[in-house]
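Have a look at the structure below before the remarks.
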Amino acid sequence: ERAMNDEPVDYLVGLAPFFSMMLKVSPAVLIPRPSTETLVEHVLQHARRTPGFANPRIADVGTGSGAIAVALAKQFVKAGSEVTVVATDISEDALAVARENAAEQGVADRIDFRQGDLLEPLRGERFTYLCSNPPYNPDHEWDAVEPNVKDHEPTLALRGGGDGLDLIRPLIAGAKAHLTDPGQLVIEGAACQRDELIRLAEEVGLRHPSVLVDHEKLPRVLVADG
């Protein structure tokens with residue numbers, strides 16, 4: 001009955017699939033999407049083929065359920081990498097869920113969870129990869145969002161202001177100060193933001209910006225070198 005009233009089944013059972021894992025989810029966190037697997041797959045493949053990225057230090061800003069941080073840590077450990085991850089979120093309730101997922105997947109010792117807003121918890125540190133799946137739904141698309149998302153998932157993790165870039169802009173603007181050389185920024189956004197994501201990256205001096213398509217062939221993941 002609750003599912004018929006648009007409550008997400010993932011919340012009802014407390015689990016959601018992501019990158020061959022079953023992760024704990026609650027109404028405190030966004031339900032992981034297949035589109036975000038594009039971000040994870042890119043980082044894994046890029047690190048395998050690019051000198052200087054084999055044992056990365058990764059930041060996952062706005063970690064939510066920990067999906068990105070846990071998936072990357074688990075896959076890099078499986079490959080024998082000395083990976084370390086710093087995962088941040090403004091919500092302590094979200095971090096509690098992420099910590100449980102890290103423990104369940106056996107990578108709690110590889111991930112440092114920190115509470116705070118956007119880049120603030122990184123405290124001037126630098127990373128091989130700066131990753132994020134921030135809130136990016138623009139206001140003009142909000143009315144079209146399905147009720148099972150709009151009425152049940154955390155608005156804090158979904159809405160990104162008028163053009164959806166309120167949180168993405170500071171992430172792109174601050175990226176160079178938090179990237180090693182070599183280093184790479186990898187951010188998920190909305191398909192309608194493709195051109196603006198590239199423009200913003202170019203504006204702050206990030207190199208070779210491009211937007212990857214997800215499983216639905218939609219341009220969703222900004223990739224730019226520091």
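When a residue number appears, it is its place in the shown sequence, counting from 1. Predicted model only: the values in this text are computed from it and were never measured.
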Q. Can we say Glu196 and Arg199 salt-bridge, meaning some charged N sits less than 4.0 Å from an Asp/Glu carboxylate O?
A. yes
same_hphob_cluster(Val61, Leu30) at 4.5 Å side-chain heavy-atom cutoff: no
Between the CG atom in Asn133 and the CD1 atom in Ile168, the distance rounded to the nearest 0.5 Å is 9.0 Å
Original post:
So, does Arg110 use its side chain to make a donor-acceptor pair with the main chain of Val83 at under 3.5 Å?
Top reply: yes
query: Is it true that a side-chain atom of Asn101 and a backbone atom of Ser65 form a donor plus acceptor pair closer than 3.5 Å?
result: yes
Next on the checklist: Can you confirm whether Phe76 sits close enough to Val43 that some side-chain heavy atom of one is under 4.5 Å from a side-chain heavy atom of the other?
Outcome noted: yes
* Asked: Would you find a donor on one side and an acceptor on the other, under 3.5 Å apart, between the side chain of Thr50 and the backbone of Phe53?
  -> no
The reported gap from CG in Asp60 to CZ in Arg114 (rounded to nearest 0.5 angstrom) is 12.5 Å
Phe113-Val25 co-clustered via ILVMFWY side chain contacts under 4.5 Å: no
### Contact check, side chains of Thr84 and Asp112, non-hydrogen atoms, under 4.5 Å
no
Problem - Ionic contact status for Arg99 with Glu92, cut-off 4.0 Å - result: yes
Before you tell me yes or no, could you show the steps for Ile187 and Tyr136 under side chain to side chain contact (heavy atoms under 4.5 Å, CB included), namely the whole-Å CA-CA distance, both residues' side-chain angles and the distance that decides it to 0.1 Å? CA-CA 10 Å; Ile187 295 182; Tyr136 56 72; over 6 Å; no
Path from Val204 to Leu222 over hydrophobic side-chain contacts below 4.5 Å
yes
Distance col, row Thr128:OG1 vs Asn55:CG, nearest 0.5 angstrom, shows 9.0 Å
Can you say whether the rings of Tyr129 and His46 are parallel (under 30°), tilted (30 to 60°) or perpendicular (over 60°)?
perpendicular
Treating Glu188 as the side-chain partner and Val221 as the backbone partner, does any N or O pair qualify as donor plus acceptor under 3.5 Å? no
| request: Spell out, yes or no, whether Phe19 and Val70 are grouped together once hydrophobic residues are joined by side-chain heavy atoms under 4.5 Å, including indirect joins. | output: yes
Can you give me every donor-acceptor pair (side chain of residues 151-162, partner residue at least two apart or in another chain, under 3.5 Å) with its distance?
residue	atom	partner	partner atom	Å
Glu153	OE1	Ile31	N	2.8
Glu153	OE1	Arg33	NH1	2.8
Glu153	OE2	Arg33	NH1	3.2
Glu153	OE2	Arg33	NH2	2.8
Arg159	NH2	Asp139	OD1	3.1

Quiz item: Ser81 side chain to Ala54 main-chain N or O, any donor-acceptor pair under 3.5 Å?
Solution: yes
Problem - Path from Leu185 to Ile198 over hydrophobic side-chain contacts below 4.5 Å - result: yes
Taken to the nearest 0.5 Å, the spacing of Phe18 CZ from Ile68 CD1 works out to 6.0 Å
Would you mind reporting whether Cys131 and Ile58 have side-chain heavy atoms less than 4.5 Å apart? yes
Please evaluate residues Leu165 and Leu200 with respect to the criterion side chain to side chain contact (heavy atoms under 4.5 Å, CB included), reporting the C-alpha separation (whole Å), side-chain torsions for both, the decisive distance (0.1 Å), and the verdict.
CA-CA 10 Å; Leu165 296 168; Leu200 289 169; 4.2 Å; yes
Applying side-chain hydrogen bond (donor to acceptor under 3.5 Å, both in side chains) to Glu100 and not counting sequence neighbours gives Lys24
By side-chain hydrogen bond (donor to acceptor under 3.5 Å, both in side chains), Gln193 pairs with (sequence neighbours left out) none
I would like to know whether His42 and Val186 meet side chain to side chain contact (heavy atoms under 4.5 Å, CB included); could you show each step before the answer?
CA-CA 9 Å; His42 166 77; Val186 191; 4.1 Å; yes
dist His215:NE2 -> Glu41:CD (nearest 0.5 Å) comes out at 14.0 Å
Glu216 meets the side chain to side chain contact (heavy atoms under 4.5 Å, CB included) criterion, sequence neighbours left out, with Asp214, Leu218
Considering only distance and modelled atom types, tabulate donor-acceptor pairs under 3.5 Å from the side chains of residues 170-183, sequence neighbours left out.
residue	atom	partner	partner atom	Å
His178	ND1	Glu125	O	2.8
Thr180	OG1	Phe127	O	3.3
Thr180	OG1	Pro182	O	2.7

Closest heavy-atom pair, Leu39 versus Ser132, reported as atoms and distance to 0.1 Å, is CD1-O, 3.7 Å
Please tabulate, one pair per line, all N/O donor-acceptor pairs under 3.5 Å involving side-chain atoms of residues 6-14, not counting sequence neighbours.
residue	atom	partner	partner atom	Å
Glu7	OE1	Arg2	NE	3.0
Glu7	OE2	Arg2	NH2	2.7
Tyr11	OH	Val29	O	2.6

task = Run the salt-bridge test on Arg169 and Asp163 with the 4.0 Å N-O cut-off and return the result as yes or no.
result = yes
Residues Thr38 and Val213: closest non-hydrogen pair is CG2-O, 3.5 Å
When rounded to the nearest 0.5 Å, the distance separating CD1 of Ile111 from NZ of Lys74 is 11.5 Å
For side chain to side chain contact (heavy atoms under 4.5 Å, CB included), just list the numbers for Leu44 and Leu72, CA-CA rounded to whole Å, side-chain angles, deciding distance to a tenth of an Å, and then say yes or no. CA-CA 7 Å; Leu44 294 172; Leu72 288 174; 4.0 Å; yes
